[in-house]
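Positions are given from 1 along the sequence. Atoms considered below: every heavy atom in the structure, side chains included; atoms not considered: hydrogens, waters and symmetry mates.
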Amino acid sequence: RESYIVTVTGDRMELGTSRLTLTNEENNPTVSSIEQIRVERLVHRLMIMSDTDHHLTALLQRKAHAKYLMGGLNYLPEYFSGLDASKSWICFWIIHSLELLDEMPSSNHINRMVTYLSKLQSPTGGFGGGPQQLAHLAPTYAATCALMICGTQQAYDVIDRESMYKFLLSRKCPDGSFTMHENGEVDIRGVYCALAVASLLNILTPELTEGVPEWLARCQTYEGGFGGDVGLEAHGGYTYCGLAAIVILDSVHLIDKDLLVYWLQDRQMRLEGGFQGRPNKLVDGCYSFWQGASFPLVDEYIINPEQYNPDDDSDAISFGENEGGWCFNQLALQEYLYICCEDDHGGLRDKPGVRRDFYHTCYTLSGLSIAQHNPHYHPESKTIYGRAENLLVPNDPIYNITPRNVAKAKAYFSAKPKIQ
């Protein structure tokens, strides 16, 4: 990572020989440019206040994070009523964070979560965000992944695969896209959620996937990333969903791989070290996963396919080397997460000055795990900022649950009858 001498004077910030101002190319102040300078000032202040050997001494507040997360399993304050349609997501955010921390709750807590999630399943297939709510692809993914993490036979058997398949198929459109729910909007996130669930449950069929790769490829923009629908602006969350879905369908050959990698690399912020969601936006801890998890997929399917499949004769793309293995600065990302996102009382946040929450705790830890663990052709190599005990459990970049739970679930459901 490059180092810069930063001087702030009035509305200007000096970074080495380059100058960032509050104006854009049209010489007019914008909300984005003003906020960018404000965040850079705050991040820089926190970084220069940290110890000079922070890269060696930083310690993940594992127990504090686990305590904060377990508190959410036991009790949610009144203000969470605004997330009444996101209860399946709250279960996923908490249980996934705990599995990454290797601080899984007791069997009693797991059984209670399984029982609760069973109440969110619709009689017509799929899951809603809360009891007796409309089935929706997003909470269906969240509930399915939470059950896979719980990992018991009781958890697996909650899911009605026949009705799940009918629900997923009912959401498919003739052009290969999916609607999020009945009479709902088309969204690339829905496509990813449907394919991720179907591949975990062994219900991925040609009927379900026909035309989907081509629709996904049309969502890639001239910038290189993916939009939420054909013709929309590229965005980190949509890009991850599009790429992961393309990988599930083994159709990476349909996209512009060079543009995708360049767009992803440009999203890591020069001073902060974290990722932004799209150009001219601020750094955000959650994009540690939404952007960061795309890099292992890029490595396996675009840059170094021969390392994963010796018989692969496709042309690999060279983008230079980076310490660790992924083609982004893994240590700079971790530095941002430790200095700017950790709450001393547990939980992680978007950026300095913002409150902690379960969502950002989940996705910052998910991205932190990705940044620590290098390609499997370097199995003994880890890229750890701070102390060795900061190492998290590995995270699967396709499903965002741990590889051991992916393998366990797929083994269980592969023994189930094929959906006709």
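Checked by atom type and distance alone, the side chain of Arg267 never pairs as donor or acceptor with a backbone atom of Gly236 at under 3.5 Å. The backbone N or O of Ile384 sits nowhere less than 3.5 Å from a side-chain atom of Gln330 that would complete a donor-acceptor pair. The main-chain N or O of Arg278 is found under 3.5 Å from a side-chain atom of Gln276 such that the two form a donor-acceptor pair. The closest donor-acceptor contact from the side chain of Glu223 to the backbone of Ala234 lies under 3.5 Å. With hydrogens and angles disregarded, a donor-acceptor distance shorter than 3.5 Å links the side chain of Asn74 to the backbone of Met70. At distances below 3.5 Å, at least one donor-acceptor pair connects side-chain atoms of Thr361 with backbone N or O atoms of Leu348.
Using a 4.5 Å cut-off on side-chain heavy atoms (C-beta onward), Glu182 and Ser170 make no contact. When side chains are defined from C-beta on, Arg356 counts as touching Tyr68, because their heavy atoms get closer than 4.5 Å. Phe178 places none of its side-chain heavy atoms less than 4.5 Å from the side chain of Val186. Side-chain contact between Phe358 and Ser97: absent, with no pair of heavy atoms (C-beta onward) separated by less than 4.5 Å. Proximity of Trp326 to Pro296: side-chain heavy atoms (C-beta onward) are separated by under 4.5 Å at one or more points.
Ring orientation note: the planes of Trp89 and Tyr141 are tilted relative to one another, at an angle of 30° to 60°.
The residues Asp343 and Arg349 are annotated as salt-bridged, a charged nitrogen and a carboxylate oxygen being separated by less than 4.0 angstrom. A salt bridge is absent between Glu103 and Arg62; no separation between the charged side-chain nitrogens and carboxylate oxygens falls under 4.0 Å.
Atom CG in Asn395 sits 5.0 Å away from atom OG in Ser369 (nearest 0.5 Å). Here CD1 of Ile370 is found 12.0 Å from CG of Leu365. Values are rounded to the nearest 0.5 Å.
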